[in-house]
Amino acid sequence: MHRPSPIETRLAAELAETRPDLVDRYAAELPGARAAVLTRLWRGLAHEPLPWVARRVRGARSLALWLADGRALHGPRADPYATDAYVTAVRLDGEVYDDPARLTTDLGWPHSAGFAAELGHSVASLALSRANSGFPRKDPEERSTGVLPAGGPGNDWEWEQRVVDGHPFHPNCRSRPGFSVAEQLAYGPEHRPVVRLETVPVAAGDCLLTGDWPDELRDGDRLLIPVHPWQRAHVLKSGSAGPWRDAHPLMSLRTLAVGDGTHVKTALSARLTSSVRDISAYSVGAAVTLSSFAADLADRTDGLLHVTRTPGAVTAGSPDLAALLRESPQTYAAPGERVLPVAALATTALPESPSWLAGFTRLALTVGLRLLDLGVALEAHGQNLLVVLSETGAPLRLVYRDLADVRLSPARLRRHGITPPDLTGRLVTDDETTLRRKLFGSLVAGALAGTAGSGPALATALEAAARHLPATPDLTALLEGPLPTKALTLMRLSPEVPGDQWTALPNPLAALR
C-alpha cells in the first residue's frame, strides 16, 4: 500500500481547512498524479546523461538501468515522446516504487533530497489541479471526430485554463513550493480564479523603463508597477501598494490578462517547474528592441507568423519588482477564428486526426525553420507558441509570445541582409548547435511531441510535413540526427551547473526507415 508523502499529507490537511469539499476528489486523483510525474521522471532516467547510471539495457517492452553503485532499476520501455501516464511503478533492486519522490530519495544521488521535495510538490499540486478542474477529460466519442468542439472558449485566457497538467515532459510539471493550498486555488490558472493585481509606486528616476508606459500606470513623477499578490505578500513586504485591476492568470501563472487586450508579465520570485520567475534588468532592457525586431522579421513568413509586441517594460532596480506589458495573441485573430496555446491542443480532439497533425506540423516547421535560417531561434514550446484556428479547426497561422529566451545569430541575419538589433549578452550567439537546440528542443521535442502524444504519431507527422519543406542544412540536421531536448532531470540534480543542460533523444523518424 502506498505511504502518503509528507507533502501529500500536508496538502490534504490544508485542503480540509480551505476546501473540505475537495478532500475526497484530491485523494482519488493522487494515484494518477503519481503515475503522471513518475512517467516524466522515468523519461529523464531513461534518456538523460546521468552520471549515476552506468548503462541501459533496452528490451522490446522493458528497460533496465544498471546504476554505478551496483543497483538495478527496472521499468517499462520509455517512449520519450509519450504523454500518457504509462509508468505506474518501477522496481529498484526488487522493491516496487509508485511514488517518484520516494524513489528519488532512495536513489540517494547528489541533490536527491531537494529534487524529491519538488517531485512531492508536483504530485500533490497536480492532484489538486485535477480535483478542482472544471474541464472533463476528452470524451472518447469526441476523439474520433477530429474537429474543434463547438462552443469552445471565447477568451484567450479560457483556453489557457484548460491546461491542467502543466508541462507534458517535466517531472516538476506542477511543482509550486512556497504556495499554500489557498494560494494555489487563488492564483493557479487551472483553478479559474480572478486575481486582483496591485501596483507599487516608484519614482521614475529610480526605474529602468523601455518603451512607453501608459498614463493609467503613472502617478505624477512616479511609475506604478503591477505586482502579483503572491509577490506582494511574500517578497515585497514593505512599502505602499494600491489595487489596480482584476485579471485572469495565464499558463505561466505570473502572466495575466487584464481584459483590454493587454497581458501583464509580473515578477514572481518563486520556483515554478525549474526556474525562479523574476524579471531581470537585462530582460527589461532588451524587451522593446527585441519585440520590434521580431515583429518586423515575422513579416518575412508570408503572413504565417505574428509576434506579440511589448509596448513597455519597467524594473525598479530589482528582479523582484518589474513588469512587462504585452499584446494579447487574440489581437491576431479575425472574426470566427480562435487562438489557443499549442499546449491546449491536447484538450481538444484535433491531434487525434493524423491529417490535422501533419498540417499543423508542416505549418510549425515552415515557420520555425524559416526564422532559424534567417537568424532567430524561437523557444517555441507549447506555452510560447499559439495557433490560429479557423471556425472548422484548420490551422491557419501561428502567434509567438515572450521573447525572453530566443537566440539571435548576427552572422545568419547579415547573410540575409538583415541588420542585427543592438543587443548583447545571452540572447546573441552564432553557435550552430545552440541555435538548433533552442528551436528543435522546444518546438519538435516539446510542442509537436506534446501535441502528437507518442513517438509513432510524431514520426508520421514529421515525415508527412518534411516533403513540403525547403531543403536546408537545418532541416537535414532535424531529420537525420538525434533530437536535442533539455535534460530536465539532470538539471534539477546538478543545480551547481549554470545554464541549460541537454540530452539527445532518438529521432522518431528512425522507426520509419
Plane angle bin for [Y] and [X] - parallel if under 30°, tilted between 30 and 60°, otherwise perpendicular:
X: H234; Y: W230; value: parallel
X: F179; Y: Y187; value: perpendicular
X: F360; Y: W356; value: parallel

Please examine the side chains of [Y] and [X], heavy atoms only from C-beta on, and report whether any two atoms are closer than 4.5 Å.
X: W502; Y: P484; answer: yes
X: L462; Y: T361; answer: yes
X: L197; Y: L256; answer: yes
X: E198; Y: V227; answer: yes
X: L427; Y: Y282; answer: yes
X: V195; Y: D246; answer: no
X: V235; Y: D320; answer: yes
X: L505; Y: Y81; answer: yes

Stepwise side chain to side chain contact (heavy atoms under 4.5 Å, CB included) test for C173 and L126: CA-CA 8 Å; C173 56; L126 178 55; 4.2 Å; yes
Residue pair Y400, V367: steps toward the side chain to side chain contact (heavy atoms under 4.5 Å, CB included) verdict: CA-CA 11 Å; Y400 186 85; V367 170; over 6 Å; no
[X] side, atom [atom1]; [Y] side, atom [atom2] - distance, nearest 0.5 Å:
X: L403; Y: T308; atom1: CG; atom2: OG1; answer: 6.5 Å
X: L386; Y: L340; atom1: CG; atom2: CG; answer: 7.5 Å
X: D79; Y: D84; atom1: CG; atom2: CG; answer: 9.5 Å
X: K438; Y: L378; atom1: NZ; atom2: CG; answer: 10.0 Å
X: M491; Y: F115; atom1: CE; atom2: CZ; answer: 11.0 Å
X: S180; Y: E14; atom1: OG; atom2: CD; answer: 5.5 Å

Pair [X], [Y]: side-chain N/O donor-acceptor within cut-off below 3.5 Å:
X: Q231; Y: T266; result: no
X: S125; Y: R174; result: no
X: E327; Y: Y332; result: yes
X: T331; Y: S328; result: no
X: E8; Y: H121; result: no

Is [X] salt-bridged to [Y], going by a charged N under 4.0 Å from an acidic O?
X: R130; Y: D165; value: yes
X: D405; Y: R426; value: yes
X: E48; Y: K486; value: no
X: R34; Y: D99; value: no

Salt bridge (Lys or Arg N to Asp or Glu O under 4.0 Å) between E183 and R176, intermediate numbers included: CA-CA 10 Å; E183 288 169 334; R176 291 168 177 167; over 6 Å; no
Where the side chain of [X] meets the backbone of [Y], is there a donor-acceptor pair that is under 3.5 Å apart?
X: R40; Y: H167; answer: yes
X: T18; Y: L15; answer: no
X: D260; Y: T262; answer: yes
X: H170; Y: N172; answer: yes
X: S122; Y: P171; answer: yes
X: T503; Y: H47; answer: yes
X: R362; Y: A465; answer: no
X: R401; Y: Q383; answer: yes
X: T105; Y: A101; answer: yes
X: S292; Y: V288; answer: no

Looking only at non-hydrogen atoms, find the nearest pair between [X] and [Y] and report the distance.
X: I7; Y: A117; value: CD1-O, 3.2 Å
X: G450; Y: P168; value: CA-CG, 4.4 Å
X: A298; Y: V307; value: CB-CG2, 4.0 Å
X: W213; Y: A313; value: CZ3-N, 3.9 Å
X: P508; Y: L458; value: CG-CD2, 3.9 Å
X: P214; Y: L325; value: CD-CD1, 3.6 Å

CA sep, side-chain torsions, deciding dist, call: R19, Y26, side chain to side chain contact (heavy atoms under 4.5 Å, CB included): CA-CA 10 Å; R19 285 285 304 275; Y26 167 73; over 6 Å; no
Residues R162, E190; criterion salt bridge (Lys or Arg N to Asp or Glu O under 4.0 Å); working and verdict: CA-CA 6 Å; R162 295 169 70 100; E190 73 277 14; over 6 Å; no
Neighbour count >12 (heavy atoms, 6.0 Å) for atom CG, D24: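 No, the 6.0 Å shell around CG holds no more than 12 heavy atoms from other groups.
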Pair S269-D278, side-chain hydrogen bond (donor to acceptor under 3.5 Å, both in side chains): steps then yes or no: CA-CA 5 Å; S269 304; D278 51 24; 4.5 Å; no
Residue pair D219, R222: steps toward the side chain to side chain contact (heavy atoms under 4.5 Å, CB included) verdict: CA-CA 5 Å; D219 179 18; R222 300 186 302 176; 2.6 Å; yes
Worked verdict on S175 versus E118 for side-chain hydrogen bond (donor to acceptor under 3.5 Å, both in side chains): CA-CA 6 Å; S175 183; E118 293 177 353; 5.3 Å; no
Salt bridge (Lys or Arg N to Asp or Glu O under 4.0 Å) partner of D402, the single match among R309, R254, R277, K265: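 Testing D402 for a salt bridge (Lys or Arg N to Asp or Glu O under 4.0 Å) against R309, R254, R277, K265 leaves exactly one candidate, K265.
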